[in-house]
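Here is how names work: the chains are called A, B, and so on, in the same order as the sequence lines, proteins then strands, and each is numbered from 1.
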Amino acid sequence: MNKPSLPQGTRDFGPEVVRKRNYIFDTIRNVFELYGFQQLETPAMENIETLLGKYGEESDKLIFKILNNGLDNPDKQKQVKEDFQKVLDGKSVKGITERALKYDLTIPFARYVAMNHGQLTFPFKRYQIQPVWRADRPQKGRYREFYQCDADVVGSNSLLNEVELANIYHEVFIRLGITNYELRINHRKLLAALAGICGGADKMTDITIVIDKLDKFGLEKVKEELSQKGLNKKQIDVIEKYLSIKGSNPEKISQLKKLLGNSETARKGIEELEFILNSGLTPDSYRDHDSRLTLDPTLARGLNYYTGIIFEAKATEEVKMGSIGGGGRYDDLTGLFGVPGIPGVGISFGVDRIYDVMEELKLFPADVHVGTQVLFFNLGEAESTKAFELMQQLRNKSIRCELYHENVKFDKQFKYAEKKKIPFAVIIGSKELEEKNCTLKDLRKGEQQTLSFEKLLSFSFQ
RNA sequence: GUGGCCAUAGCUCAGCUGGUUAGAGCAUCAGAUUGUGGUUCUGAGGGUCGUGGGUUCGAGCCCCAUUGGCCACCCCA
């Protein structure tokens, strides 16, 4: 018998970890609901054509495909073998696989909206907290199964939504104690305008991918790669100017206007960025701390469907972690599913990464640990019957209790309480039973007192 | 998908240029202690050294393959 193991990149979560994760989930959920979002759930798997081609070519390879059942049916052998040959050639074939695990929450949401747009009240504000799967190779902060927490607004072009979403980021991170985060924003239209000047719209993907690497590889390497992509000296010069835009947010805006101001597309993008940056609705702290909400012209984001404002949230530099959240506006996501004209904007939190950041910065409050408050010692049949009765009454008062499972010596029962960090022990032995009282010991202080049963039931257990 | 590093007790690790019976700390269990835990002391259990093959008189150590983990690239949360 082989040792049991987990699939690569997946994890079990023990009780301690689940508590901490729930703390994050609850915080995010509360903020989402505070802002008027309602929860949606979609299946773990989707029809494969719902997902393929939505994220870009590279990402299609990272979608987990589910093998069809019944491939061993003798009547189908010939067809299956032909289909499988196509799979070997890198194609996705319905005869072999027609379902896949979802890759993110946005596309399934768009599918849902496309299917139900007749019934929905717009703007539709939904949030979704579910696992997604990527066949990526695991490494730091990257797993094959991980949770996303998304909030999206569809059916509204208003930039108010962007402002709201930026506020949600702020509120969540502050509540979690991640006070040193940075929310970077940019606009796809700036990148489109830049591409328009430098080699045409079809170069946009290449350009965005390359400039996204600026902070990692530096300017020279970026210029080198642009040259390899077929851009000429003049075009690269423009991009260099674009990349060297620095300073406060207003300073960057004015430089962008100078560089791209001739382009109608860019002007629209800059206007929208200015609206967000200057919005009186953002918390005061944004304006006090310019670095919190930062205009970053080099921010690109890989996902193809973004068309407007894009967001990315990062923790402080000292925590070497990729982005802990991202999002943006898309003009026409449901158009992919035959229902055009529904724009949307959304954000996503990466809970697994937020967890790692909080662990590293020791941000979990001590009281996320909510275990048993009271352990009733088991000192015999008559004794434990009384203990059981009292325990149930305490439970009715929402005090978390348990009765030790067998009558063993004190030593063991104390050590059990110790290990489970149970603060109180209630001892009812033959002596107490006779005197109709009990011994209550505070294990943190090492102090104990004798209480009547009535007193025990009204004790606060703090 | 590409590259680098690693794999020894439940956990963290030691184990010399290949040489007798593979060690430590922590954890676990038992006892000192049948109504008072955390400390202490004593003892015990626990390993086909990730897996499969090879070289050798002899392999935890060397070689090949394989699986898994970590890290980086691509990409991303």
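Side chain A:Gln413 to base B:U36: no donor-acceptor pair is found below 3.5 Å. At a cut-off of 3.5 angstrom, counting only N and O atoms as typed in the model, there is a donor on one side and an acceptor on the other between the side-chain of A:Arg137 and the base of B:G3. Side-chain atoms of A:Arg142 stay outside donor-acceptor range of the base of B:C71, with no qualifying N/O pair under 3.5 Å. A donor-acceptor contact under 3.5 Å is formed by the side chain of A:Glu432 with the base of B:G35. A:Lys441 contributes a side-chain N or O that forms a donor-acceptor pair with the base of B:U36 under 3.5 Å.
Rounded to whole Å, the C1' atom of B:A22 lies 23 Å from the corresponding atom of B:C63. Rounded to a whole angstrom, the distance from the P atom of B:U51 to that of B:U33 is 44 Å. Taking atom P in both B:U17 and B:A7, one finds a spacing of 16 Å when rounded to whole Å. B:G25 and B:A14 are spaced 16 Å apart, taking the P atom of each and rounding to whole Å. Only the P atoms considered, B:A24 is 12 Å distant from B:G43, to the nearest whole Å. Taking atom P on both B:G15 and B:G50, the two are 15 Å apart, rounded to the nearest angstrom. Comparing the P positions of B:G53 and B:G46 gives a spacing of 26 Å, expressed to the nearest Å. Separating the C1' atom of B:C75 from that of B:G1 is a span of 11 Å, rounded to the nearest Å.
Under the Watson-Crick or G-U wobble criterion, with both distances below 3.5 Å, B:U66 is paired with B:G50. If you check B:G1 for Watson-Crick or wobble pairing at under 3.5 angstrom, you find it paired to B:C73.
Side chains of A:Glu33 and A:Tyr127: a donor-acceptor N/O pair is present below 3.5 angstrom, by distance only. Side chains of A:Thr439 and A:Gln448: no donor on one and acceptor on the other come within 3.5 Å. A side-chain N or O of A:Tyr55 and one of A:Asp104 form a donor-acceptor pair less than 3.5 Å apart. A:Thr294 and A:Asp296 are not linked by any side-chain donor-acceptor pair at a separation below 3.5 angstrom, with hydrogens and angles left out of the test. A side-chain N or O of A:Arg144 and one of A:Gln8 form a donor-acceptor pair less than 3.5 Å apart.
Among the nucleotides B:G31, B:G35, B:C76, the one closest to any side-chain atom of A:Lys409 is B:G31. The nucleotide whose nearest atom lies closest to any side-chain atom of A:Phe410 is, among B:U36, B:G37, B:C70, B:U36. For A:Ile427, taking side-chain heavy atoms from C-beta onward, the closest of the listed nucleotides B:G68, B:A72, B:G35 is B:G35. Listed nucleotides: B:C75, B:G37, B:U36. Nearest to the side chain of A:Asp411: B:G37.
The nearest heavy atom of RNA chain B to A:Leu62 and to A:Pro7 marks one nucleotide each, and the one closer to the 5' end goes with A:Pro7. Each of A:Gln148 and A:Lys445 was matched to the nucleotide of RNA chain B holding its nearest heavy atom; the match closer to the 5' end belongs to A:Lys445.
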Next item on the list: Would you please test A:Gln373 and A:Ile422 for side chain to side chain contact (heavy atoms under 4.5 Å, CB included) and show each step?
Entry: CA-CA 5 Å; A:Gln373 292 165 284; A:Ile422 298 172; 5.9 Å; no
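The 12-atom threshold is exceeded at CD of A:Glu406, counting heavy atoms of other residues, nucleotides or ligands nearer than 6.0 Å.
At a threshold of 4.0 angstrom between heavy atoms, the contacts of A:Tyr416 with the nucleic acid are absent. Here A:Gly327 lies out of heavy-atom contact (under 4.0 Å) with every strand. Backbone-only engagement by A:Gly325 is indicated by non-hydrogen atom pairs under 4.0 Å involving sugar-phosphate atoms exclusively.
Counting to the nearest Å, the P atom of B:G37 and the CD atom of A:Gln448 are 10 Å from each other. Going from atom CG of A:Asp356 over to atom P of B:C76 covers 20 Å, rounded to whole Å. Protein atom CG of A:Asp12 is 13 Å distant from nucleotide atom P of B:G69, rounded to whole Å. Rounded to an integer number of Å, the gap from A:Gln130 CD to B:A77 P is 17 Å. Note: OH (A:Tyr306) to P (B:C76) measures 10 Å, nearest angstrom. For the pair A:Glu406 CD and B:U34 C1', the computed distance is 15 Å after rounding to whole Å. Rounded to whole Å, the distance from NZ on A:Lys102 to C1' on B:C76 is 18 Å. Protein atom CZ of A:Arg353 is 14 Å distant from nucleotide atom P of B:C75, rounded to whole Å.
The shortest distance between side-chain heavy atoms of A:Asp152 and A:Phe124 does not fall below 4.5 Å.
Residue-nucleotide stacking is present for A:Phe146 and B:A77, judged by a side-chain ring centre under 5.5 Å from the six-membered base ring centre and planes under 30° apart.
At B:A72, one or more side-chain N or O atoms of A:Gln139 fall inside 4.0 Å of OP1 or OP2 (strictly under the cut-off). An OP1 or OP2 oxygen of B:U28 is reached within less than 4.0 angstrom by a side-chain nitrogen or oxygen of A:Lys419. Taking 4.0 angstrom as the limit, A:Lys412 places a side-chain polar atom (N or O) nearer than this to OP1 or OP2 of B:A30.
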